[in-house]
Structure formats: structure tokens, C-alpha cells
There are 2 protein chains.
Amino acid sequence: MQMQGTAKPLVLVVDDEPAQRALLSYNLKAAGFRVATAGDGEEAMLAIAEDAPDVILLDWMLPRLSGLEACRQIKASAGGRQSAVIMVSARSEEADRVRGLETGADDYIVKPYSVAELIARVKANLRRVRPAATGAVLEAGDIRLDTESYRVTRAGKSLHLGPTEFRLLAALMERQGKVWTREALLDRVWGRDIYIDTRTVDVHIGRLRKALCTHGDPDPIRTVRGAGYAMG
Amino acid sequence: MQMQGTAKPLVLVVDDEPAQRALLSYNLKAAGFRVATAGDGEEAMLAIAEDAPDVILLDWMLPRLSGLEACRQIKASAGGRQSAVIMVSARSEEADRVRGLETGADDYIVKPYSVAELIARVKANLRRVRPAATGAVLEAGDIRLDTESYRVTRAGKSLHLGPTEFRLLAALMERQGKVWTREALLDRVWGRDIYIDTRTVDVHIGRLRKALCTHGDPDPIRTVRGAGYAMG
DNA sequence: CGGCGATATGACGGTTCGGTGACAACGGTT
DNA sequence: AACCGTTGTCACCGAACCGTCATATCGCCG
């Protein structure tokens, strides 16, 4: 498996049947994902708060908190908005599909589904949520970052970045405009449970800027005082 | 559905049957979208180059350039990557769906589809492409405040605010019309257990006003004598 | 109109915050 | 061993920002 910027994508499986969870976990792990599981909507919210997943597979029928309501809550929460939600349901009625999608779900799969299609849909949704994890080429202005070949160019000219600066740039480019706090960047770029001075981020931002502006180009990174950094 | 400020989303319909194009155009326009059409893959590429659509409905069976190949080209082109591609196909085989998704399509709809579901899917995909419409943005009159990118604009012009002024404005905008006492603002903006002269709020309101009115715009903040401040 | 309390504003010192150069530690390579 | 690129930390500086005060202005009341 190629070194892809950051850690493997995380998929959260929400289903009340342990057998289903096990089945999905197995197949998703085989496809190269990290997997978390939850048995109902409340567990799901906890899991999301703990570690925001990239994709959430949400069963329609759940005890206590229905899948639909869980979806609404997820999309209303701060952490959940950046996850893709795929509703999984035995209800093939078109009206249900429409309702699911209108509630904020990003996709809708009808049981019985094939594992291959499910994986394909997870990947399709992942492409949008975390392009860098899928071997995509990110673009921002005249900067191109190829997560597969590990190469960065600006205005056609190739740039040399260290691994950390590369991942930092990838994170910033993944969601242009979004302001990342130093803590969020440490989480995403350096790793979840690592303990490093937040000021270190500043230093790396500085190094990244120097690398990006070697040819006199304007600085593409925006500093937001009291908040963090953003691209564009 | 709120279409705040920005133009209506553009949907490109690619189908070789004029009747299909007409049907889809009609329904999409009725749902509030702008619509462009193309009869084959090459026309589609031209249309994309001319005006990048937000969502592309791509028929699987196309003359000359197949839908699958067209999808590949779209996703490989610079402009196409920021559009969502929905494959529309009569082929319900699961293998086809997987192929479509793996080629880079964002979604896959099987004919015959219901118009309601198609619209729902278009909207769901639109949410992804244009995250601006997802609610991280506060608006009041001609003032826009984006809590994710920490950007504030008035009548399109970008403004510069300090962190405290930003939070102050966000608080005021969050509940337009509500009159905040100085104490409440201190709590909300500065922090719960901090002790600061309430007059300081006045100063920051003043600074905020100055920033908001640099271009001679009217003052959007209302002073309520003896009570506090309010927006609008 | 005059007075009084409340609010607006300009100025100022202190503090915090971010940028940057220097440096030592580390691992890999020659 | 010597070298090299990378990385995390620190110290220092300048600039932005903040809170306070003094003063000017406003709005309401008699």
C-alpha cells in the first residue's frame, strides 16, 4: 500500500445486528479501511465525537434512535458534517430513498446489496471527503499535488518538500478555505495521539511557505490570527 | 431550499435521446436548476469547458464516446473534477455499477428512475460540490460571515476583523434582532469566568462598526440605550 | 434649554501572537 | 565515522491586538 499523506480512511459501521457489523468490518478492512462500529445511534454519536470518520454506513432500522434521525443529528453536528453518510436500508421504496437523501445522507444503498458495490460506493464517497486518501491529484490555484507520485508543482515548476510539509500541504488543500486550528493539523498531519508543541505547526507552515514561494509567487497560505491556517 | 447569494446551480444533461433531454430539462428547471444539454460525449466536454456544471447527468449509452469513457475524461480534466458526475444507465447489473463508480462517477442511477429520486440525488450531490450551502455561513443583510473559513464580507467586499471582533459579530449575527446585554456578550464572546470592564464591549462594538462601515455602508448594529446591542 | 447618565471615540501602554533563524537530535546513506 | 536532510524546540522580535482611561458626544428628562 502506498504512503498516502495520512492514515488509512476510517469507516464507521452503524448496525444493530452484530453479524452485519462483523461482515462489513471484515470486508471493509480487507479493502484497506480502518473500521469503527456502533450498535445504535447514540453509540454512533459517541464514536463520531471520539474520532471523526470519513464515511459512515448507517442502517435505517436502529433501536432507540432511528437511522434517519441519527443522520439528521450527524449532519447537524460539527464533526459529522465532514463525514459522508451512506444510508443502508431494506426499504427499497423510492419515497424512502428520497427522504433519506433529503435528510442529508450522501448516498443510499438498498439491501440486499453486493459487497463489491458497497465498497465501490464507499470509495466514491471517500473520493470527495478525503481526496488525498484516494490517490487523487489536488489542485489549488497554480499548485498541483499528486498524492500518488508524491510530487508537488507550482506553475509547472517542481518543488521539493519534506514528508511532513507534504502531508501538511495535502491536508490544507483537501479543504480549501477551511481554517484549521493547530490542534486539528497536529491530529491530521502528525497523528492522533502524539504530543507535540503546537508552535511546531508554525515552523512547518513557515517552511512550507518558503518552499511554495521560492520563485517569488504569492503566499497561498492564509494566517488567521487566533484561529489557525487556511489555504486560499 | 435556500440559494443564498450565488447563482442557481448548473446541471449538464448528457443523453443522445432528445426526448430524454427535454424531460430532464423540464423537471430540473422546475426544481430550480439551470440546465445545459449535450447529445454525446464530445459535446459534453465542450459544454464543460464553456461553463463548468455543478452536476453532470451522464447517460451510459452514448454514440461515439461511451458514457464510461466520457466520465473518465471529465474526471481527468481540470474543470470536470469539481463537478459531480451521476451515471444514468439501464444496465442494472451490479458489475456495471461498480465499474461506473470506480471510473470516478460520484453516483449511479438505474433506469427506470423516478424523477423525485433523481432530483433528490442531484441535490445530494450538489451538497457535496457546493459545501457553501450547508450552513456554516451566517448572513444578515449584505453581510456574510463564514465560520469555517473565518471570512467576513460586506456587499462582496472582504473585511478584516480581529479575533474578538469576529466572535462578537458571529454572536450578534447568530440571533439577529436579539438585544444582548454587555454581560451576556462578555459571557458569550470573551468567556464565562473572565472579569473585564463591561465598557470594553463598547470599544469593541465601535471597532466592529468601523470595520463594517469602511465603505460608507449604513451601521447594521443597533444600540439599545440602557440594555445593550443588537443586529438589525 | 440645561443637566445628567449613558454611549462613542481617540489615544496609549501592555500583552499576546505569529514569523523566523538557530540549533541539537535523529536516522539513513555513503 | 562523517555527511545529509529532516524534524521538534527554543528564543527573540515586530506587529497586531486588547483592555483601560479620558474626553467628547448623544439622548432623555424635566
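Proteins come first, then strands; the chains are lettered A, B, ... in the order of their sequence lines, and each starts at number 1.
Note: CZ (R222(A)) to C1' (dA16(D)) measures 17 Å, nearest angstrom. Distance I196(A) CD1 to dG8(D) C1': 7 Å, rounded to the nearest Å. Counting to the nearest Å, the C1' atom of dA16(D) and the CZ atom of F166(B) are 17 Å from each other. Rounded to whole Å, the distance from CZ on R225(A) to P on dG18(C) is 6 Å. The CD1 atom of I194(A) sits 12 Å away from the P atom of dT7(D) (whole-angstrom rounding). Nucleotide dT20(D) holds its C1' atom 14 Å from the CG atom of L186(B), rounded to whole Å. The OH-P distance, from Y150(A) to dT6(D), rounds to 11 Å in whole Å. Put simply, CG on D202(B) is 7 Å from P on dT7(C), counting in whole angstrom units.
Residue R199(A) is in base contact, counting any heavy-atom pair closer than 4.0 Å across all strands shown. Residue contacts shown for R207(A) include a base, since a base heavy atom lies under 4.0 Å away. As judged by a 4.0 angstrom heavy-atom cut-off over every strand, Y229(A) is placed among residues touching the sugar-phosphate backbone only.
Each of dT20(C), dT20(D), dG5(C) was ranked by its minimum atom distance to the side chain of V203(A); first place goes to dT20(C). Of all nucleotides listed (dC10(D), dC17(D), dC18(D)), dC18(D) comes nearest to the side chain of E165(B). For H160(B), counting side-chain heavy atoms from C-beta on, the closest listed nucleotide (dG27(D), dC17(D), dT20(C)) is dC17(D). When each of dT9(D), dC28(D), dG19(C) is scored by its nearest atom to the side-chain atoms of R209(A), the top-ranked nucleotide is dG19(C).
Dashed line: the shortest gap from a side-chain N or O of H204(B) to OP1 or OP2 of dT20(D) is not under 4.0 Å. OP1 or OP2 of dA8(C) sits under 4.0 Å from a side-chain N or O of T223(B). Between T200(B) and dC18(D) there is no side-chain polar atom (N or O) within less than 4.0 angstrom of OP1 or OP2. At least one side-chain nitrogen or oxygen of W190(B) sits closer than 4.0 Å to the OP1 or OP2 atom of dG19(D).
Side chains of Y229(B) and R182(B): a donor-acceptor N/O pair is present below 3.5 angstrom, by distance only. Inspection of the Y150(B) and R222(A) side chains reveals no N or O donor paired with an N or O acceptor under 3.5 Å. Side-chain polar atoms of R209(B) and T223(B) form a donor-acceptor pair below 3.5 angstrom.
Classification of E17(A) and R21(A) as a salt-bridged pair fails, no side-chain N sitting under 4.0 Å from a carboxylate O.
In terms of position along DNA chain C, the nucleotide closest to R182(A) lies nearer the 5' end than the nucleotide closest to the other residue of the pair K210(A) and R182(A).
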What verdict does the salt bridge (charged side-chain N to carboxylate O under 4.0 Å, His left out) test give for R34(A) and D51(A), after you've listed the backbone C-alpha separation in whole Å, the side-chain angles of each residue and the deciding distance to 0.1 Å? CA-CA 11 Å; R34(A) 280 157 59 225; D51(A) 191 355; 3.1 Å; yes
